[in-house]
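In what follows, every heavy atom counts, from backbone to side chain, and hydrogens, waters and symmetry copies are set aside. A quick note: this is a predicted structure, and the numbers were derived from the prediction, not measured. To find a chain, count down the sequence lines: A is the first, B the second, and so on, and within it residues start at 1.
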Amino acid sequence: MPEPLPKTYSPAATEPLITLRWDAADDRSAGSGGGGAFHAEPGPVLSGERKPYCIFIPPPNVTAALHLGHALNNTLQDILVRAHRMMGFETLWMPGTDHAGIATQAVVEKRLRQEGTLKGPLKQSMTREAFVTQVQAFKDEYEATITHQLKVMGCSCDWARQRFTMDPQCAAAVREAFFRLFKDGLIYRGKRLVNWDPVLQTAVADDETEDVEIDGHFYYLRYPLVHPVKGAAKAVQPVTWSELATRGYPGASEHPAEEQAWVTVATTRPETYLGDTAIGVNPHDPRAKSLRGLLVELPLVGRILPIIEDDYVVLPAAMQKDPDAAASDPKAQFATGFLKVTPAHDPNDYDLYMRHKAVMDTHAPGGSALINIFAPDATVSDKHGWPDAAGAHLFLGLSREEARKKVVAEFYARGLLEETKPYKHTVKHSDRSKAVIEPYLSDQWYVKVTDDRMRGSALRAMAPDQRTSSLDASMPHASMPSRSSTSSTPPSAPGDGELRFYPARYAKTFENWHENIRDWCISRQLWWGHRIPVWRFSFFESATTSEEGVAGARQRCARLLIDLCAAARLDDELCLQFDGSESDRAYLCARTVRAARIVDLLKALFSQEPEEAETEFRELGLSRDALRAASELSYFMDANLTQDPDVLDTWFSSALWPLSTLGWPDPDKFPDTKGLLEAFNPSSVLCTAREIITLWVSRMTMFNRYFLPACHSVASDTSPSVPSDTSPSVAPSLRRSVASEGRGTGPLPFNDVFIHAMIQDGEGRKMSKSLGNGVDPRDIIESHGADAMRFVLCQMTTQTQDVRMPVVADPTTGKNTSPKFDIGRNFCNKLWNATRFALSMLPTGSSPAPSAAVGPRSFSLADRWMLSRLTTAVADINTALKNYQFSDYAQSLYDLLWRDFCDWYLEAIKPTIKESPAQQAVLAHALETIVRLLHPIAPFITEAIWEHLKEIQTAPINGITLPPSRRGGLLCTAGWPEIAPTLRDERAEKDFERTRALVTAIREIRAKHNLPPKRRITLHAPAALIKDLDSIGARSYVESLGTLDAITTDPAPKDAAATLRFESAELTLSNLADAAPAGGVADTTAER
RNA sequence: GGGCGGGUAGCUCAGUUGGCCAGAGCAUUCGCCUUACACGCGAAGGGUCCCGGGUUCGAGUCCCGGCCUGCCCACCA
C-alpha cells in the first residue's frame, strides 16, 4: 500500500522517483541497452504485431543548453509519442544532438580567446587536431546538459539509441551519401561568390547571416574616360568634354571643353573600386551611345575598364519615363546611371560579369575580370588574385574600413569625389561572428539540388490539395533531362503526394522555396564537422610529358583506379572526377574509412616513405596487383594529393538524420540498428518551429527520397497489407530494389510536418542570451514542476499565435521564471487533491473488487452525466491529437477535470458516494480515464497517481476499457482509454445542465444577500417544477449544492425572501435573514 | 518588393463550417479556512470584437479598402 498522499503535490519530490522507475523498466533481454520504458524494437513492427509510430527529434545544437523554445518543441513531441505509445503503437522517439559546425566552432573559439588559450588567427595559432579536441570536450559537456534537460522534462526518448550527428554511425551515413551524390554527378565543385565570414574565415549560407540596418553613405566617385590605343594595353589618351560633346553626349558642353571627361558612379562601398573591372550603363540611357568604344581608367590602379551596356543598370530618376515609378524606386533616386562593376565582390556584379564575360576578361589584367582584392581576413591584399595592384600599393594591408577611408581621401585629394550622401541600408552580418559578410569568390562544393531528382522529388512529395501550382509550372527551370526522367518514373512513387503540413498554409512556403532554390553550397572552411571525403590532386605536369595528351592521361588514370579498386577489393569505393573548369585538377572521393586509408597511402607511395606505405598496404590485405596499380596510379598524382581541408555544412548530416539514426546505409555494421530503417522510416511526423521549414524539411525529404529505394518499408501507414515475405530475419539489403535508388522516388522521411509557435518574451522579442530574457526549462521545473510547464506549453500551442512569455525573476531563487506557469501548477494540484478525495472515498487494497460490471440502471443523474462527458472528451481529445491541436487537447482536459469533474461531479456525489458501489465505480473510472488522458501532457504526476489508483477495487463498467500496462506496471505503457459511444447520454447532459443552472441561480441570490456558505435556505417552487426535478433525479443535487433545507410548494413568507427566474417559472427563496429562529445560527456555530 | 500571421475584457489569449446573452486564465471587487484542494470555493464588475464600406434575415467570423503590428523570403550601386 503506497504512502498516503500529502496535501499539496510536490513535483520536486515526485519527478526524480518517476524518472528512475521509467529508466529501470526495461524488462527485455539484456543488451537492449537501457532504453527503459521507452525502448522500441523493430521486431513487433516487422512481424505485423504493432504499427510503428516514430518521431526524430530535431537534434538540438550542442552550442548551449536548451531554452523554452526547445522545451515547447520537445513537450509537443513527447505528448504525441506518449499518446501513441499508450494507443498501442511501437513507438520510437529518436533522440540526439547536432554538432552545429559553424555555431559550435564560433562558440568554442570565442571561449578559448576569453581564456587566453587562443591568440591570433585560429588556423595559424593551433593545430586542427588540438582544436577539434577542445570542441569535442565542449560538445560532451553540452550534450550531457541537453540530455539531462530532456530527461527532467520527462521526454520519453529511446535513450539507448541516442545519436550525435558526428558519431561513427552518422559519419558512415554522411560518407555514403556524399559518395553516391558525387558518383551520380550531383555534387560538383564550383567557383562562386559566397558569403564570406572574415572572422571565422569560412563561407556561410544565406541563412547563417542576418541583416542589420546601418547608417552608411553613398559616395559619388568620378572615373576618367579614356580612348583605347591599339597595340598597347596600358597606353591611353584622355577623352575631353569637347570630344564627348561631338559624340552627342548630353550636357557635355557644360563642362570645360579641354578638361578630361568622367563618369560618376554611386557606391556605398568605395573600397571595392580596387576590384572594378567594368562600368555598366543602361542601353536606354541617352549617354550610352556616345560612350561606345570608350574606356574608363581606374584612378590610382590605372586599370582600363570597358563600358558594358546592360538593362540591369538603373536609370537615374530624372531619366525615367514614368516619374511616379521613379519616385517610388529608391535606387533611381540616387543612381547616376553608371554602375561600377566589381564581379569578385558583389553577387549582382558577378551576374553581370557572367553576361559580359568576354569583353570584361579581354580588358582585364591577367585575362580574368574576377579580381579579388581581399585576403581571407578581408584586408586588402594582392596575394589572392589581383595582378595589377602596384598602383594601389598604398591600400595593401588595410582593413575594409580603413581602406574605405583611404579611398575616399585619395579620391577627394584628386578632385574625384563628387559628393557623399548619408544613407541607411541593411548589410549582411554573420550570425555567429557578427562580422560584416564579404561576398567572396572561392571554390566550393555544391549539391545540385536544382536537379529534378532533388527539387522535383520534394515538390512531388506534397499533398495535392496543399499545392498551389501544378508541378510543371512550379519548375520553371526544369531542364530537358529532368523532364524526361520525370516521365520515365512511375506516375506515382510511394511518397508522392503524402507530405502534409499542419497548419496547411506552410505548404506554400515549402513550395515557394523550392521554386527559387539554388544549388546548395556544402563546403565550409571550418575544422569542426564532417571532413569532406575528397582528395584533390593535379597530375598533368608529369603525365602530359608522354605522348598520350591530356585526354589520354585522364583515361589512363581512371583505368588504373578501376584496376586498383578491383585488385584491392574496393569494389565501387573510390570515384574519380575531373574538374570541369581547371583541366589539371582531379578529385578522388572515398566511400569508406578503408578506402580513405588507401588514398592516404597512395600519397605516401610517391612521397617520403614508399616502403612504409607498402607495408601498410599489405597490412590492409592488398594484393601484389593492387599495390602495382597503386604505384602506377601514384605516378599520375603530384605531391599535392591532399584531402580537402573543408568540412561539410552541418545541414548535410542533419539532412540524413532520419537515415543515419536508423543505421543507414549498413545496419549490420552497427548493433541494434537492424530492421530499424524498414520499421520506422517513414516516420510519423516532424515537429519543428517554422524557421527551418525550408532548410531542414526540404533537405531531409530530398535525401530520404534519393537514397532509399522506392519500396523499402514494411509497415508505413499507407500500405496496410504486410507483404508475406517480410520478417525480421530477412536482411534489409536483400529486400531493397537497388534500381529505384538514386532517382528521387523513395519514401518520405515523415508524412506530416507540424509547425508550432515560437516563444517570445513578454515584449514580443525573441528569447536570447544577450537580452537576458532566455529561460532555462530547468528553472521552470524548479519553480513549478515539469508537468506544470508542459501543461502550459501545450495549452499555449494554438494554430496561429506565437507565444508571449513574460519573464520574471523567481523571488526565492532569483532565476528566470514566468507566472504563466501558475495555471499548470494549480491544475496539477487540483488533480492531486481530487485524487486524494477519491481515494478517501473508494475501497482499496484488501477488499476484492466485484467482478460483475455495473450498468446504466444503477447510475444516478450525476453518474450518467459524468460518463457522458467523459465520452465526448475522449472523442474530442482523439480528434485534437490527430490534427495536432494541442491547445484544444489541454483545454478539453482542463474543463473536464476542473469544471466538470471537480466543480460539479465530486460536489454532487459527496452525499451518496460512500453508500453507492455503482457510483464508486463511476468515480474510479472517471478519475482513471482523466489520468490516462492527461498522462501525455503531465507524465510525472499521472504516473505517480496511477500507482495509487491501481489499488482501488471497484466493479468494472460496461463500455469503458482501460487496458493494462505493457511494461513495468507503468502508466506510460498502459492503454489509452476507450469509451463506447453508448455511454454518451444526451438526456443526462441536458438534465444535469438544468440542474446546474438552477443551482447557479440560487447561489447568485445567496451571494447577493451575503449569506454564510453553511446557511440553509428554503426554495419555494411550483409543484410542476418540483415534480420535474424529482423525475430527472435532480432534486437532491439542488438541495445539497444550493445548500437548501427544503424545496417546497408552500408559499414563501413575505419577509426575508428573494425571487429568481428559472426557465419560465418564478421561484422564491426564503429564510435568508436571521429573523428566523436562532436554531440555524446556533447549529452553524456548533459545527465550527 | 513578394509571402504569411496577428489586432477580441486592464493583461495573455480562445472563438472550427456566419446563428441563442462573445469565452477562459490572470488581474480587480465582494463573501468564504463550506475539511480533497487558499496552488482553493462561491459570486460580481469589465468588451464600439482596429477603422471604413459591402454581402446577408443575421457578421468577431465572409468580401473589398485602409491603419497598426510581428515574422519569413528576395533585393539594396
Side-chain angles (χ1 to χ4, degrees), chain A residues 5 7-9 206-207 211 216 218-221 265-270 272 280 312-314 328-332 334-342 346-349 423-428 503 505-506 508-509 512-513 516 690-691 693-694 757-758 760 762 764-766 784-785 788 792 795-796 798-806 818-820 822-841 879 883 885 887-888 891 894-895 898-899 902-903 906-907 910 999-1000 1002-1015 1041 1043 1084 1087-1088:
Chain A
L5 305 180
K7 197 168 168 181
T8 304
Y9 172 60
D206 287 339
D207 47 87
D211 289 333
F218 258 112
Y219 302 89
Y220 290 82
L221 307 179
V265 297
T267 180
T268 55
R269 299 198 56 198
T272 63
Y312 171 76
V313 182
V314 172
S328 65
D329 180 359
K331 266 191 209 172
F334 49 72
T336 65
F338 296 107
L339 174 68
K340 65 190 273 301
V341 181
T342 323
D346 182 288
N348 295 302
D349 292 5
Y423 180 60
K424 190 171 270 201
H425 62 141
T426 56
V427 176
K428 270 187 190 174
R505 67 187 126 92
Y506 291 112
K508 201 172 174 183
T509 312
N512 206 337
W513 191 73
N516 302 314
R690 63 174 167 270
E691 52 194 355
I693 304 174
T694 46
M758 316 248 284
Q760 303 155 345
R765 297 172 303 184
K766 249 185 176 174
H784 290 80
V792 170
Q795 198 189 32
M796 284 175 156
T798 57
Q799 301 288 302
T800 50
Q801 297 267 32
D802 279 347
V803 173
R804 291 216 180 166
M805 183 68 66
S818 173
K820 276 246 175 191
D822 292 353
I823 304 163
R825 184 197 53 199
N826 299 352
F827 181 72
C828 288
N829 198 53
K830 191 73 179 172
L831 173 67
W832 188 255
N833 278 292
T835 305
R836 288 177 59 219
F837 175 75
L839 287 171
S840 72
M841 295 296 167
T879 307
N883 295 306
Q885 288 162 341
S887 178
D888 291 352
Q891 205 52 49
Y894 186 91
D895 292 340
W898 205 313
R899 301 276 88 96
C902 290
D903 286 357
L906 290 186
E907 295 304 325
K910 273 179 179 173
V999 169
T1000 304
I1002 294 167
R1003 285 174 173 171
E1004 199 177 317
I1005 302 289
R1006 296 182 63 103
K1008 249 184 208 154
H1009 290 260
N1010 259 339
L1011 298 193
K1014 286 194 172 172
R1015 181 178 187 96
L1041 298 174
T1043 324
T1084 315
E1087 271 181 64
R1088 279 193 180 180

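- Separating the CD atom of A:Q891 from the P atom of B:rC13 is a distance of 15 Å, rounded to the nearest angstrom.
- For the C1' atoms, the distance linking B:rC62 with B:rG15 amounts to 16 Å, nearest Å.
- Side-chain atoms of A:Y220 come within 3.5 Å of backbone atoms of A:F334 as a donor-acceptor pair (strictly under, hydrogens ignored).
- Of the nucleotides present, B:rC32 is the one that pairs with B:rG40 by Watson-Crick or G-U wobble criteria, both distances under 3.5 Å.
- Between A:Y9 atom OH and B:rA38 atom P the separation is 17 Å, expressed in whole Å.
- The CG atom of A:N516 sits 15 Å away from the P atom of B:rG2 (whole-angstrom rounding).
- Here A:D349 lies out of heavy-atom contact (under 4.0 Å) with every strand.
- Among the heavy atoms of the strands lying under 4.0 Å from A:L906 is at least one base atom, whether or not backbone atoms are also near.
- Distance A:N826 CG to B:rC39 C1': 4 Å, rounded to the nearest Å.
- When the C1' atom is used for both B:rC4 and B:rA74, the distance is 15 Å, rounded to whole Å.
- Within the nucleic acid shown, A:Y312 comes within 4.0 Å of at least one base atom, counting heavy atoms only.
- Residues forming a side chain to side chain contact (heavy atoms under 4.5 Å, CB included) with A:V313 (at least two apart in sequence, or on another chain): A:N282, A:L339.
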Under-3.5 Å N/O pairs linking protein and nucleotides 6-12 of chain B:
residue : atom : partner : partner atom : Å
B:rU12  : O2'  : A:K820  : NZ           : 2.3

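- In terms of phosphate contacts, A:N1010 brings no side-chain nitrogen or oxygen within less than 4.0 Å of OP1 or OP2 of B:rC30.
- To the nearest whole angstrom, the two C1' atoms, one in B:rG18 and one in B:rA59, are 6 Å apart.
- A salt bridge links A:D903 with A:R899: at least one charged nitrogen is closer than 4.0 Å to a carboxylate oxygen.
- The main-chain N or O of A:K508 is never found under 3.5 Å from a side-chain atom of A:N512 such that the two would form a donor-acceptor pair.
- Distance noted for atom P between B:rC57 and B:rC50: 25 Å (whole Å).
- The base of B:rA24 is not paired with the side chain of A:Q795 by any donor and acceptor separated by under 3.5 Å.
- Distance noted for atom C1' between B:rG23 and B:rU61: 15 Å (whole Å).
- In this structure B:rU61 sits in no base pair that meets the Watson-Crick or G-U test at under 3.5 Å.
- Residue contacts shown for A:E907 include a base, since a base heavy atom lies under 4.0 Å away.
- Contact between the side-chain N/O atoms of A:S840 and the OP1/OP2 oxygens of B:rA36 is not found at any separation under 4.0 Å.
- Remark: the separation of the C1' atoms in B:rG7 and B:rU48 is 15 Å, to the nearest Å.
- A donor-acceptor pair under 3.5 Å is absent between the side-chain atoms of A:N829 and the main chain of A:R825, judged by distance alone.
- At whole-Å resolution of the value, CZ in A:R836 and P in B:rG40 are 14 Å apart.
- Nucleic acid contact class of A:T798 (heavy atoms, under 4.0 Å, all strands): sugar-phosphate only.
- For the pair A:W832 CH2 and B:rA36 P, the interatomic distance rounds to 17 Å; values are reported in whole Å.
- The main-chain N or O of A:Q795 is found under 3.5 Å from a side-chain atom of A:S887 such that the two form a donor-acceptor pair.
- Considering only side-chain N and O atoms, A:K910 lies under 4.0 angstrom from the phosphate OP1 or OP2 of B:rA36.
- Remark: the separation of the P atoms in B:rG58 and B:rC26 is 39 Å, to the nearest Å.
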Q. Using a cut-off of 4.0 Å between protein heavy atoms and nucleotide atoms, how would you tag nucleotides 41-46 of chain B 5' to 3' with B, S and -?
A. SSSS--
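- B:rG10 is paired with B:rC26 under the Watson-Crick or G-U wobble criterion, all donor-acceptor distances under 3.5 Å.
- Between the CD1 atom of A:I823 and the P atom of B:rA14 there is a distance of 13 Å, given to the nearest Å.
- Atoms CE (A:M841) and C1' (B:rU35) sit 10 Å apart, rounded to a whole Å.
- Across the strands present, B:rG5 finds its partner in B:rU69; the criterion is a Watson-Crick or G-U wobble pair with both atom distances under 3.5 angstrom.
- A:F218 comes within 4.0 angstrom of sugar-phosphate atoms only, judged by non-hydrogen atoms across all strands, and of no base.
- Annotation: B:rA22 and B:rG46 have their P atoms spaced 12 Å apart (nearest Å).
- Side-chain N or O atoms of A:R1006 include one that pairs as donor or acceptor with a backbone N or O of A:T1043 at under 3.5 Å.
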